[in-house]
Number of protein chains: 2
Amino acid sequence: METLRERKKRRTRESLLRAALELFTSQGYERTTVDEIAAACEVSQRTFFRYFAGKEDAAFAVQEMTEAHFLAALRARPPHEAPMEALRQAALQDWDSIRETVESAVPMELYLRMYRTIESTPALLAAHLRRSTAVEESLARLLAEREGVDVDTDPRPRLAVAVFGGVIRVTERQWCLGRDFSLEAVRSLTVSYLDQVSSALQGNWRAN
Amino acid sequence: METLRERKKRRTRESLLRAALELFTSQGYERTTVDEIAAACEVSQRTFFRYFAGKEDAAFAVQEMTEAHFLAALRARPPHEAPMEALRQAALQDWDSIRETVESAVPMELYLRMYRTIESTPALLAAHLRRSTAVEESLARLLAEREGVDVDTDPRPRLAVAVFGGVIRVTERQWCLGRDFSLEAVRSLTVSYLDQVSSALQGNWRAN
DNA sequence: TTGTCAACTGTCAGTGGCTGTCACTAGTCT
DNA sequence: AGACTAGTGACAGCCACTGACAGTTGACAA
């Protein structure tokens, strides 16, 4: 059972996270100070730093959950699937079931707004890309294990994941730039872009 | 002709840049303060910020030159080359002729050490990845123009560049991790990895 | 219930990156 | 030589972040 102390702690964290994302998305990440976030929750600035390693950490708290969610999705793919197919299916399945994961922390709508804020804030975009490479390292190891190859001598796991990651990044970016900012939109964009990779890689585009 | 004032300015900048990279690579980026860099050049901290937008800006001053160098290399490729082939050739040619570009600012050896520092410092790696996406955007536009397609409606330029960028990133990373930290090493790694992409993308790796 | 302990929090002081301001020095130009 | 102005240093201040210390409050046993 959850003790009173734990409950209070959880509430404080949730309150801080929510206030942070609300402020980041409404007035911008840089224009939001940690003091402001703490004040909104009626705690001291010091307390904020006891719950989050930094301002940036708060911005990515939900992302961290979805990253783990995607890794689990890949782990759950049947072992007979080819690497790229497994990645593709994991991504699609991920978008289909992400809502529950996200809403255990904040409203889905806030998460989506934060996604856009990350993409349009240079400092956050940089952090996002670095986090992505960390996830990609895990993905590569997972694929290598699935296929029974050594990730340190065979570059194919990392290459496959890097290519996949590149396509996902393009997808994310176009999604955030577009008008239709729904889950269905990102899902279909993912399918469309993954399907066009081989066409993009080979030959002359003019010849179609 | 270069006036005395301009000469002094250039010298100050060169001095600051060199001192910065020397300190970053020897004692670490985070453990180096701007005050330290300024003191090493006998100028005030304020002056450092008149030459560089920030500490990070100094760390990437040479990278910025090599980025432009690569873009120029791609622009110089004959228009009949297929997109991926042009990217590949530009990359190889880039590594072959990078020395002159770099040494107009700092010794090659310092540049290479800084490269490793960037890769192993989380904050710098993040910034590096963000810068890379900016370069990739330029590359995509360049390819689109070459091929006569519209970069805003046809995703293939961005996809091709993202895939290419992903491979280059893997290359950079493995290069920095490896023992052979020479230009020849990165060149041959580039060739090797680009050659293995199609193999990595399709089918079952075990069947090989 | 009460006293003790440990967890949680606030306050304060300090560091480092970064910016605005202002006065002053030193090239530049006529 | 004198006026102009780019470049600089000194100073004050903001914000992210950290360490140290003390006060408060929930947990748990006697």
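Letters A, B, ... mirror the listed sequences (proteins, then strands); counts begin at 1.
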- Query: Does a nitrogen or oxygen in the side chain of A:Tyr51 sit under 4.0 Å from OP1 or OP2 of C:dC8?
  - Reply: no

- Task: Enumerate the residues from residues 7-16 of chain A whose closest heavy atom to DNA chain D is under 4.0 Å, giving them by residue number; use none for an empty result.
- Result: A:Lys8

[X] side-chain proximity, nearest of [options]:
X       : options                : value
A:Ser44 : C:dT11, D:dT8, C:dG27  : C:dT11
B:Arg5  : C:dG16, D:dG7, C:dA6   : D:dG7
A:Arg50 : C:dG17, D:dC21, D:dA10 : D:dC21

N-O pairing of [X] and [Y] below 4.0 Å:
X        : Y        : value
B:Arg169 : A:Glu136 : yes
B:Glu67  : B:Arg131 : yes
B:Asp195 : B:Arg88  : yes
A:Arg158 : A:Glu137 : yes

Length of the [atom1]-[atom2] vector between [X] and [N], whole Å:
X       : N      : atom1 : atom2 : result
A:Phe52 : D:dA16 : CZ    : C1'   : 16 Å
A:Gln45 : D:dA16 : CD    : P     : 8 Å
B:Glu30 : C:dG16 : CD    : P     : 13 Å
B:Arg46 : D:dA10 : CZ    : P     : 13 Å
A:Asp35 : D:dA16 : CG    : C1'   : 9 Å
B:Phe49 : D:dG7  : CZ    : P     : 19 Å
A:Glu36 : D:dC14 : CD    : C1'   : 13 Å
A:Glu6  : C:dC8  : CD    : P     : 9 Å

- Task: Test A:Thr25 against every option in A:Arg113, A:Glu109, A:Arg116 by the side chain to side chain donor-acceptor pair (under 3.5 Å) rule and name the one that passes.
- Result: A:Arg113

- Message: Run B:Glu6 and B:Arg10 through salt bridge (charged side-chain N to carboxylate O under 4.0 Å, His left out) and show every step you take.
- Response: CA-CA 6 Å; B:Glu6 290 168 328; B:Arg10 197 172 45 77; over 6 Å; no

- Taking atom OG of A:Ser198 and atom CE of A:Met84, what is their separation to the nearest 0.5 Å? 10.0 Å

